[in-house]
Amino acid sequence: MIEPNAMVLSTVSSQHLPSSRIVLLKDISEGGLVFFTNYESRKGEDMKDNPHAALLFFWPELQRQIRIEGIIELVNESDSDEYFQSRPKGSRIGALASPKP
């Protein structure tokens, strides 16, 4: 599989509009599945307004998909900062410079 940790994240805005996009699973912990995103992006805003979300892993090579529904909780700030600092410098600059719809 090319990107087995890629998953579709679906959220709903405060105006009840659904939105989906691809994020990468970074960890599995006792607390659940961990991914990172820009808190100021549309998905970040959606998650603040409505923490209910759905995830979908789709693995066509295996002819399988897994759906997960639940409540989003923020990881602690130090984990978030550590992940951001672990990204390549160009990715960090791009993340800070690019507008997030």
Side-chain angles (χ1 to χ4, degrees):
M1 289 186 285
I2 295 172
E3 199 68 72
N5 62 327
M7 55 190 186
V8 177
L9 168 65
S10 297
T11 58
V12 177
S13 73
S14 60
Q15 293 82 32
H16 309 290
L17 300 172
S19 181
S20 297
R21 75 289 283 151
I22 303 291
V23 296
L24 298 177
L25 175 66
K26 294 298 185 178
D27 195 13
I28 299 174
S29 72
E30 274 188 36
L33 305 177
V34 178
F35 65 92
F36 295 93
T37 189
N38 183 324
Y39 295 151
E40 305 306 317
S41 68
R42 177 176 174 186
K43 63 185 164 297
E45 293 295 325
D46 286 354
M47 291 184 293
K48 278 187 243 177
D49 293 338
N50 179 1
H52 297 269
L55 294 171
L56 172 70
F57 289 92
F58 177 55
W59 300 310
E61 300 87 350
L62 302 177
Q63 298 180 353
R64 296 285 183 264
Q65 61 182 334
I66 298 173
R67 291 180 50 226
I68 301 167
E69 297 174 357
I71 303 294
I72 302 247
E73 295 178 5
L74 297 179
V75 297
N76 65 53
E77 192 173 334
S78 64
D79 287 347
S80 187
D81 291 343
E82 181 180 326
Y83 168 72
F84 186 78
Q85 292 304 319
S86 76
R87 297 178 69 188
K89 185 176 183 178
S91 294
R92 293 192 313 261
I93 292 168
L96 292 171
S98 67
K100 302 293 180 199

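Along the sequence shown, residues are numbered consecutively beginning with 1. Computed from a prediction, not measured in an experiment: that's the story for all the values here.
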For the atom pair OG (S41) and CE (M47), what is the distance rounded to the nearest 0.5 Å? 6.0 Å
Inter- and intrachain pairs under side chain to side chain donor-acceptor pair (under 3.5 Å), touching residues 55-64, at least two apart: none
Rounded at 0.5 Å granularity, tell me how far CG in L55 sits from CE in M7. 4.5 Å
Closest non-hydrogen atom pair, L25 against F57: CD2-CZ, 3.9 Å
What residues join V8 in its hydrophobic cluster, counting side-chain heavy atom gaps under 4.5 Å, either direct or through other members? I22, L56
Would L9 end up clustered with I66 when hydrophobic side chains under 4.5 Å apart are linked, directly or stepwise? yes
Heavy atoms only: give me the nearest F35-L24 pair and the separation to one decimal. CB-O, 3.4 Å
So, do T37 and R21 sit near enough that their side-chain heavy atoms are less than 4.5 Å apart? no
Rounded to the nearest 0.5 Å, how far does CD1 of I71 lie from CG of N50? 7.5 Å
Are I28 and I72 connected in a single hydrophobic cluster, I mean Ile/Leu/Val/Met/Phe/Trp/Tyr linked by side-chain heavy atoms less than 4.5 Å apart? yes
Residue among K43, K48, R42 satisfying salt bridge (charged side-chain N to carboxylate O under 4.0 Å, His left out) with E45: K48
Could you tell me whether R67 atom CZ has more than 12 heavy atoms of other residues or ligands within 6.0 Å of it? no
Does E3 CD have over 12 foreign heavy atoms under 6.0 Å away? yes
